[in-house]
K.L.:
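I am attaching a structure below and will ask some questions about it afterwards.
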Number of protein chains: 2
Amino acid sequence: MLRDVLEMQRKLQPDVLETLGKRYRILQYIRLMQPIGRRTLATQLSTSERVLRSETDFLKQQGLILIQSAGMLLTEEGNKLLEGLEQTVKYAFGLEDLERKLAGYLSVPKVIVVSGDSDELPVVKKELGRATVQQMKNRVSPGDVIAVAGGTTLASAADMMVPDAKWHNTIFVPARGGLGEKVEIQANTISSAMAMKAQASYRLLHVPDQLSEDTRRSLMQEPGVQEVLDLLKSASLVVHGIGEAKTMAGRRTTSASLRSRLEEGSAVAESFGYYVNQDGKVVHRENTVGLQWDELRSDQTVITVAGGSSKAKAIDAYMRYRPSSILITDEGAAKAILNQSGAPEATE
Amino acid sequence: MLRDVLEMQRKLQPDVLETLGKRYRILQYIRLMQPIGRRTLATQLSTSERVLRSETDFLKQQGLILIQSAGMLLTEEGNKLLEGLEQTVKYAFGLEDLERKLAGYLSVPKVIVVSGDSDELPVVKKELGRATVQQMKNRVSPGDVIAVAGGTTLASAADMMVPDAKWHNTIFVPARGGLGEKVEIQANTISSAMAMKAQASYRLLHVPDQLSEDTRRSLMQEPGVQEVLDLLKSASLVVHGIGEAKTMAGRRTTSASLRSRLEEGSAVAESFGYYVNQDGKVVHRENTVGLQWDELRSDQTVITVAGGSSKAKAIDAYMRYRPSSILITDEGAAKAILNQSGAPEATE
DNA sequence: TCTCTGCGGGACTTTAATCGTCCCGGCGGA
DNA sequence: TCCGCCGGGACGATTAAAGTCCCGCAGAGA
């Protein structure tokens, strides 16, 4: 109930909880160290002194703290408020907490965690999609080339795409050729769907898999294909998902020998057609054309999207050893990852 | 539970609920009139088009509305949010609703309603006090003269007074001389207490009641008294409470003949030493020196503070016939007033 | 008793966000 | 076909927030 209201409030005013938490933290610190001076507190909270000052002025006006020459201290009312708001803040910042912990554990610059578990609620996948589109918008500039991989998660991101000035003259390019999957979740389909929804342009990479090596090579020499591959290399934004190795192998037309090879190498994660084991070692690589891991440059933004507690191991295996600028995941996956990592505080 | 959280949130970020309500209203209107254009909606909501535009841009980004060339319409998510937030908003804006209705009914420019009933919870009286101080601060300028009457409500306002630059060189003056009450709630005591808490200066009006007419007249000729009376006339801010006639008569040293006179005239309210009946007619006037009603000028700000459902009739009787710039009351009184006024929608 | 440090708070400048205003091209109904 | 309303872009003005610097004061220590 409270959870729902907070969730809706987050929808209607996203940064409210942020400032709420900021002020809560200030009160917390004051309670902890009272009486404490402005400058000391500012360095403790690693904010500018001026910002903290306007905050404390506000808190004073609300009658929550007293400002004396010896420093600041909580009023009785401030104390009560701090107590009463404890659970609320704990929940409201569970996600931010997860983001911070995950970013540390996986060494990713930025982690976005949406609430829920996409394994349980399909809505959460849409939420992941929306978050993905938003992050893409944050990082893209008009005229950029955007490489998009396949998967069900990215398909929902394509659903959530909306036109925006940011997409002007951008080109959406599939990150890889066909991987023998259903057409709705192929990179070609998704990148073109995104482009159309964004009212941007797109290219297709028509390279079927399961070709003979010779045919494939000659196909790659084709001007149309070559152009797309060049575009792909110039992409400033790469968006991709992560799959569980078993699910992916099942989804694709995979030979029995490959299956056993994956099992032998205990592959857990798949992305871009690469299968990796728990230590991030590549067990197998699908034989398709497109973006290669070792071609990723540091000036490219790589957005990784994957959610659901069932994908926890896959995300962990992939993220710890492969570069990514932004990880977008959900609460279920985030908690599962942190739990299996052995960090006890991740449970609560 | 939810109520508490919202109340605390209001403490930590007062204008949150305001913008929440604004956005909620926008969604409401869109649901009602979809598809609707920006300009049409702006005039409906009587906001600037530009403001509404940034709001709708935001709502669009949050995926709550769709913006098409035909106009704006709700998404499914927006619909759900509107439903889910209904009760929350209803509560959160119960107070604002009351303020608006009261302002209309009593013809007061501004009404502040704090939540709760000071008859039931003593805390609410403090809240009234805080609100009073805040409104005073909004209207005062350094150097102003402030006239303060007596009463328990204003005593709690004095408790809540805090130093501020606004009080520089202000002078607090009691609105009336003694009225035979306990010293803690006399105007003299309260105005001086306020002044000291505000670190401002104050004057006292030492005119005991129950003097012979001759003595009183000669006392008023005294330079010290005369100076205070002159200051009183130059006051730019007048703060006073409203009492129930019966309570006040009981509290003061009142003769039996006066009591019967008040009863005959069916006096319900008392303020400034004036007793008025339900139609605002003056039944009796205490014989003390100080500010008179007919001396109030339109350039003065009159702040009236009174709360508690028991005072509903008194507030009603006073406010409908006497000038006041700001009425500060509580939920209990506000609802009681509107209920007895015969407005059926005030109940819920 | 004197100095010296850290306190709150005032004042001014700079920066960023917001809002007012004006305009354009498109789409649909008359 | 024309006209009115639609969304959306652009730019200057206004205002709020933050950066910066300084001051007087109170209390601890020499």
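By convention in this document, chain letters (A, B, ...) are assigned in the order of the sequence lines, proteins followed by strands, and residues within each chain are numbered from 1.
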K.L.:
Roughly, in whole Å, what's the span from CD in B:Gln199 to P in C:dG8?
P.N.:
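Rounding to the nearest Å, CD of B:Gln199 and P of C:dG8 are 16 Å apart.
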K.L.:
Report the distance from atom CG of A:Asp15 to atom P of D:dA17, rounded to the nearest whole Å.
P.N.:
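For the pair A:Asp15 CG and D:dA17 P, the rounded distance is 13 Å.
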K.L.:
Take the protein atom CD1 of A:Ile67 and the nucleotide atom C1' of C:dG10, then report the distance between them rounded to whole Å.
P.N.:
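Checked: the CD1 to C1' distance equals 14 Å.
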K.L.:
What I'd like to find out is whether the side chain of B:Met196 reaches to under 4.5 Å of the side chain of B:Phe172, using heavy atoms alone.
P.N.:
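No. Closest side-chain heavy atoms not under 4.5 Å.
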K.L.:
Looking just at side-chain N and O atoms, do A:Gln62 and A:Glu77 make a donor-acceptor pair shorter than 3.5 Å?
P.N.:
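No donor-acceptor contact under 3.5 Å links the two side chains.
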K.L.:
Going by side-chain contact (heavy atoms from CB on, under 4.5 Å), name the residues that satisfy it together with A:Glu86, two or more places apart in sequence or in a different chain.
P.N.:
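side-chain contact (heavy atoms from CB on, under 4.5 Å) list for A:Glu86, sorted by chain: A:Tyr24.
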K.L.:
Would you kindly give the CH2-to-P distance between B:Trp167 and C:dG9, to the nearest whole Å?
P.N.:
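About 16 Å, once rounded to whole Å.
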K.L.:
What string of B, S and - do you get for nucleotides 16-30 of chain C 5' to 3' if you count protein non-hydrogen atoms under 4.0 Å?
P.N.:
---BBB---------
K.L.:
Take atom CE of A:Met72 and atom C1' of C:dG8, then tell me their distance rounded to the nearest Å.
P.N.:
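Value for this atom pair: 9 Å.
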K.L.:
Among side-chain atoms of A:Ser236 and A:Asp144, is any donor-acceptor pair under 3.5 angstrom?
P.N.:
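Their side chains do contain a donor-acceptor pair, which is all the 3.5 Å distance test asks for.
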K.L.:
Checking B:Ser201 side chain against B:Thr170 main chain: does a donor-acceptor pair fall under 3.5 Å?
P.N.:
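Checking the backbone N and O of B:Thr170 against the side chain of B:Ser201, a donor-acceptor pair under 3.5 Å is found.
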K.L.:
Mind calculating the distance between CG (A:Leu41) and P (C:dC7) to the nearest angstrom?
P.N.:
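Result: 10 Å.
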K.L.:
Do B:Arg10 and B:Glu7 meet the salt-bridge criterion of a basic N to acidic O distance under 4.0 Å?
P.N.:
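A salt bridge links B:Glu7 with B:Arg10.
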K.L.:
Rounded to the Å, how far apart are A:Arg38 CZ and C:dG9 C1'?
P.N.:
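Between C1' of C:dG9 and CZ of A:Arg38: 6 Å.
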K.L.:
What is the distance, rounded to the nearest whole Å, between atom CD of A:Gln68 and atom C1' of D:dA26?
P.N.:
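Computing the A:Gln68:CD to D:dA26:C1' distance gives 13 Å.
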K.L.:
Base, sugar-phosphate, or nothing for B:Leu66, non-hydrogen atoms under 4.0 angstrom?
P.N.:
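Counting heavy atoms under 4.0 Å across all strands, no contact is made by B:Leu66.
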